[in-house]
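A short write-up of the structure that comes next.
Values in this document were obtained by computation on a predicted structure and should not be read as measured data.
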Amino acid sequence: MTDHPTVALLGTGTMGSGMAHNIAAAGLPLRVWNRTRERAEELADVATVAESPADAVAGADVVLTMLFDADSVADTMAAARAGLEPGTVWLQQSTVGVAGTERLLRLAAELGLVLVDAPVLGTKKPAEDGTLVVLASGPTEVRERVAPVLDAVGSRTLWVGEAGAGSRLKLAANAWVFTVVEGVAESLALTRELGLDPRLFLEAIRGGALDAPYVQLKGGAMLDGAFDPAFALGGALKDADLILAAAQTVRVDLGIIPGIRAHFARAVEAGHANEDMAATYLAH
Ligand SMILES: NC(=O)c1ccc[n+]([C@@H]2O[C@H](COP(=O)([O-])OP(=O)(O)OC[C@H]3O[C@@H](n4cnc5c(N)ncnc54)[C@H](OP(=O)(O)O)[C@@H]3O)[C@@H](O)[C@H]2O)c1
């Protein structure tokens with residue numbers, strides 16, 4: 001076992017790019033692959049940019065996936081098949097939900113890989129700063145092997161159980177994030193439509209028990225129209241659907257998420273899929 005595992009990172013989008021920088025900065029040998037090659041090329045100074053998923057994973061100790069959804073992860077890992085060696089650790093960090101993780105666990109078994117299900121909390125800035133919170137789950141015996149990677153991308157790793165547990169906790173955490181974002185959007189819209197300057201809402205709650213840095217950050221972005229994506233609305237809509245699907249299987253009657261999902265979908269239909277989820281304010 002090595003303290004410096006070679007990492008193949010598949011998916012250098014908003015999150016994957018920041019994570020790649022921190023993995024390289026920790027001194028771990030790194031190969032990257034991205035469907036749109038130009039996005040991976042930005043990492044050429046710190047990583048080897050691979051032509052294909054199979055080239056990226058050949059000889060890697062840890063394969064890290066940070067792609068959009070379960071379909072894109074499954075397709076990419078299938079394309080990597082020729083380069084994969086049995087027993088390699090697959091660190092799956094994309095948000096894929098409950099059924100998605102079960103599907104990827106089956107794929108891991110078929111490919112002979114050991115899956116560590118480790119979605120993250122935090123958006124673009126924590127990914128760039130290496131301060132994500134990792135909700136890790138998987139076999140105890142590979143935890144040490146992935147520790148150098150998790151330490152590089154996050155400030156904290158919570159080991160929460162067998163593979164799949166991390167993805168379940170991630171859904172609960174995202175339900176909370178969406179509740180806050182949508183709640184701020186609604187209070188701002190209400191303030192505005194009741195004939196007041198919406199900034200007065202943020203001012204009124206500032207510093208009180210129900211304020212939070214995130215509330216002021218997202219509320220300010222909504223009012224400034226600053227929708228550069230930290231977490232794109234299209235991804236948030238995907239995750240709202242994952243939450244609803246998971247809740248249905250365990251018969252939890254969610255009161256808030258269905259309404260949030262409808263507003264996210266409305267904003268996506270209005271053309272804001274690639275803007276930050278704060279753009280849900282535009283659906284009000
Ligand atoms: N942003 C956040 O705040 C945040 C926080 C926690 C977790 N997450 C989760 O982390 C994952 C990545 O999110 P992100 O914000 O980095 O998204 P992103 O910027 O949209 O990047 C998505 C990545 O997936 C790739 N991709 C999409 N469809 C693909 C396909 N069919 N085949 C191969 N590659 C495909 C994209 O490639 P191209 O460049 O070619 O499009 C890109 O590399 C998602 O599961 C998201 O839910 C995001």
Side-chain angles (χ1 to χ4, degrees), residues 11-19 21 34-36 38-39 42 66-69 94-95 119-133 170-171 173-244 256-284:
T12 60
T14 305
M15 298 296 286
S17 171
M19 293 161 74
H21 275 289
N34 196 60
R35 178 181 62 175
T36 307
E38 300 87 76
R39 276 178 113 179
E42 289 162 22
M66 198 53 175
L67 298 153
F68 183 67
D69 60 3
S94 331
T95 305
V120 299
L121 304 185
T123 56
K124 184 180 181 195
K125 180 82 170 46
E128 289 169 351
D129 293 348
T131 55
L132 296 167
V133 173
K170 169 69 182 168
L171 293 184
N174 269 18
W176 171 235
V177 173
F178 296 165
T179 299
V180 174
V181 169
E182 187 70 14
V184 172
E186 286 202 355
S187 285
L188 289 175
L190 259 177
T191 312
R192 184 190 70 210
E193 296 306 316
L194 291 172
L196 296 155
D197 177 351
R199 283 190 198 274
L200 285 172
F201 163 70
L202 294 177
E203 203 43 50
I205 64 162
R206 189 183 300 279
L210 279 172
D211 195 9
Y214 195 72
V215 167
Q216 297 292 336
L217 181 80
K218 288 293 168 190
M222 288 172 195
L223 296 179
D224 293 343
F227 299 132
D228 200 25
F231 185 13
L233 199 50
L237 178 58
K238 177 250 313 174
D239 289 0
D241 282 333
L242 294 177
I243 294 164
L244 290 169
I256 296 174
I257 299 295
I260 295 175
R261 195 249 173 232
H263 278 188
F264 283 3
R266 200 191 297 169
V268 164
E269 277 157 28
H272 304 294
N274 294 322
E275 294 178 336
D276 190 72
M277 64 178 159
T280 187
Y281 179 57
L282 303 176
H284 291 78

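- Distance check: Trp176 CH2 to Ile256 CD1 gives 9.0 Å after rounding to the nearest 0.5 Å.
- The two atoms that bring Ala240 and Phe178 nearest to each other are N-CE1, 3.7 Å, heavy atoms only.
- When all heavy atoms of Ala279 and Ala267 are compared, the pair lying nearest together is O-CB, 3.9 Å.
- Side-chain contact check for Leu242 versus Asp239: some heavy-atom pair is nearer than 4.5 Å.
- In terms of heavy atoms, Thr280 sits closest to Ala185 at CG2-CB, 4.1 Å.
- Not counting sequence neighbours, Glu42 has no partner by the salt bridge (Lys or Arg N to Asp or Glu O under 4.0 Å) test.
- Under the 4.5 Å side-chain criterion, counting only non-hydrogen atoms from C-beta, Gln216 is in contact with Ile205.
- The CG atom of Leu223 sits 9.0 Å away from the OG1 atom of Thr191 when rounded to the nearest 0.5 Å.
- Taking 4.5 Å as the limit, every side-chain heavy atom of Arg35 sits out of range of all side-chain heavy atoms of Phe68.
- In this structure, the side chains of Val120 and Thr95 stay at 4.5 Å or more apart for every pair of heavy atoms.
- The local environment of CG in Leu210 is sparse, with at most 12 non-hydrogen atoms from other residues, nucleotides or ligands closer than 6.0 Å.
- With a 4.5 Å cut-off on side-chain heavy atoms, Met222 and Val181 count as touching.
- Closest approach of Gly219 and Val184 over heavy atoms only: CA-CG1, 3.7 Å.
- Within the structure, ring pair (Phe, Tyr, Trp, His ring centres under 6.0 Å) pairs that include any residue of residues 193-243 do not occur (at least two apart or interchain).
- Of the inter-residue distances, the one linking Met66 atom CE with Ser17 atom OG reads 11.5 Å to the nearest 0.5 angstrom.
- In this structure, the side-chain contact (heavy atoms from CB on, under 4.5 Å) partners of Pro229, at least two apart in sequence or on a different chain, are Ala232.
- Ala265 meets the side-chain contact (heavy atoms from CB on, under 4.5 Å) test with Leu237, Arg261, Glu269; sequence neighbours excluded.
- For Leu200, the CG atom sits in a packed shell: over 12 heavy atoms of surrounding residues, nucleotides or ligands are nearer than 6.0 Å.
- Taking 4.5 Å as the limit, every side-chain heavy atom of Thr14 sits out of range of all side-chain heavy atoms of Thr123.
- Using a 4.5 Å cut-off on side-chain heavy atoms (C-beta onward), Leu132 and Met19 make contact.
- Between Glu203 and Arg206 a salt bridge is recorded (basic side-chain N to carboxylate O distance below 4.0 Å).
- Proximity of a side-chain donor or acceptor of Ser94 to a complementary backbone N or O of Leu67 within less than 3.5 Å is detected.
- To the nearest 0.5 Å, atom CG of residue Leu202 and atom CG of residue Asp211 are 8.0 Å apart.
- With sequence neighbours excluded, the residues that form a salt bridge (Lys or Arg N to Asp or Glu O under 4.0 Å) with Asp276 are Lys218.
- Heavy-atom neighbours of Asn274 CG from other residues, nucleotides or ligands within 6.0 Å: at or below the threshold of 12.
- The two residues Ala189 and His284 have their closest heavy-atom pair at CB-CB, 3.6 Å.
- Partners of Ala226 according to the side-chain contact (heavy atoms from CB on, under 4.5 Å) rule, which considers only residues two or more places apart in sequence or in another chain, are Ala221, Asp224.
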